[in-house]
Student: 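Dropping the structure in here first, questions after.
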Amino acid sequence: QVQLVESGGGAVQAGGSLRLSCAASGLTFSMYSVAWFRQAPGKEREFVSGIWRSGRDTYYAGSVRGRFTISEDNAKNTVYLQMNSLKPEDTAVYYCAASVKAAPATERSGYNWWGQGTQVTVSS
């Protein structure tokens, strides 16, 4: 049974940093595409960043490019999202997701497994 578990969320002031972690069991991240999504209150869940299975290329939403960095530790079977220069508009529940597709793109429908989410709150 596949399980994705996020951690590392919390409350920070604008300009601060957080590092989110997503640990997997039941699958090996390096063999799948992995992404971070987020959902703010009253808004649709949106793509934040991803690592595609094909070539392990990384992708970012325009709103976070240059501030967020996705990475993986194969030995720990964990994917990270380093978030710097946080803004109040980054406040959301952040979800980790995995896909069997080589390049699942940014739509939720492209992902097979999801974590339970971790809350990030950025105050001004």
Student: Is a side-chain donor or acceptor of S30 paired with a backbone partner of N74 at a separation under 3.5 angstrom?
Tutor: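 No: the side chain of S30 does not pair with the backbone of N74.
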Student: State the OG-CD distance between S71 and Q82, to the nearest 0.5 angstrom.
Tutor: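 One gets 8.0 Å once the value is rounded to the nearest 0.5 Å.
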Student: Can you tell me how far CH2 of W36 sits from CE of M83, rounded to the nearest 0.5 angstrom?
Tutor: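 The CH2 atom of W36 is 8.0 Å from CE of M83, to the nearest 0.5 Å.
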Student: Is any side-chain heavy atom of N84 closer than 4.5 Å to a side-chain heavy atom of F68?
Tutor: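 A side-chain contact is absent here, since even the closest heavy-atom pair is not under 4.5 Å.
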Student: Under the salt bridge (charged side-chain N to carboxylate O under 4.0 Å, His left out) definition, can you give me all pairs with a residue in residues 62-75, not counting sequence neighbours?
Tutor: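 Found R56-E72, R67-D90.
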Student: Identify the two heavy atoms, one from F29 and one from N77, that lie closest to each other, and give their separation to 0.1 Å.
Tutor: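 Heavy atoms only, the tightest pair is N-OD1, 2.8 Å.
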Student: For S124, give me all partners under side chain to side chain contact (heavy atoms under 4.5 Å, CB included), at least two apart in sequence or on another chain.
Tutor: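 Counting only residues at least two positions away or on another chain, S124 forms a side chain to side chain contact (heavy atoms under 4.5 Å, CB included) with P88.
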Student: Please identify each residue that fulfils side chain to side chain contact (heavy atoms under 4.5 Å, CB included) with T78, with sequence neighbours left out.
Tutor: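 Testing T78 for side chain to side chain contact (heavy atoms under 4.5 Å, CB included), a comparison that skips the adjacent residues, returns S21, A23, K76, Y80.
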Student: Distance from R53 atom CZ to S99 atom OG, nearest 0.5 Å?
Tutor: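 So the CZ of R53 and the OG of S99 are separated by 8.0 Å.
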Student: Could you pull out the closest heavy-atom pair between L20 and T118, with the gap in Å?
Tutor: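 The answer is CD2-CG2, 4.0 Å.
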Student: How many angstroms lie between CZ in R38 and CZ in R45, if you round to the nearest 0.5 Å?
Tutor: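 R38 atom CZ to R45 atom CZ measures 13.0 Å (nearest 0.5 Å).
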Student: Output the distance between atom CG (L81) and atom CG (L18), rounded to the nearest 0.5 Å.
Tutor: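 Reported value, rounded in 0.5 Å steps: 9.5 Å.
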Student: Checking one residue: Y95. Which other hydrophobic residues are in its cluster under the side-chain 4.5 Å linking rule?
Tutor: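 Direct or chained contacts put Y95 with F37, F47, W52, Y59, V93, Y111, W114.
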Student: Do V100 and Y32 have side-chain heavy atoms sitting under 4.5 Å apart?
Tutor: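 Result yes, sub-4.5 Å side-chain heavy-atom pair found.
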Student: Looking only at heavy atoms, which two atoms of A40 and A92 are closest? And how far apart?
Tutor: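 In this case the closest contact between A40 and A92 is N-CB, 3.8 Å.
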Student: With rounding to the nearest 0.5 Å, note down the distance linking OG1 in T91 to CG in L86.
Tutor: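 Between atom OG1 of T91 and atom CG of L86 there are 8.5 Å.
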Student: Which atom pairs, donor and acceptor, lie under 3.5 Å between side-chain atoms of residues 2-12 and protein residues at least two apart or in another chain?
Tutor:
unit_1	atom_1	unit_2	atom_2	d
E6	OE1	Q116	N	3.0
E6	OE1	Q116	NE2	3.4
E6	OE1	G117	N	2.9
E6	OE2	C96	N	2.7
E6	OE2	G117	N	3.3

Student: Scan for salt bridge (charged side-chain N to carboxylate O under 4.0 Å, His left out) pairs involving residues 97-109, sequence neighbours excluded, and state none if there are none.
Tutor: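 Passing the test, one end in residues 97-109: no pairs.
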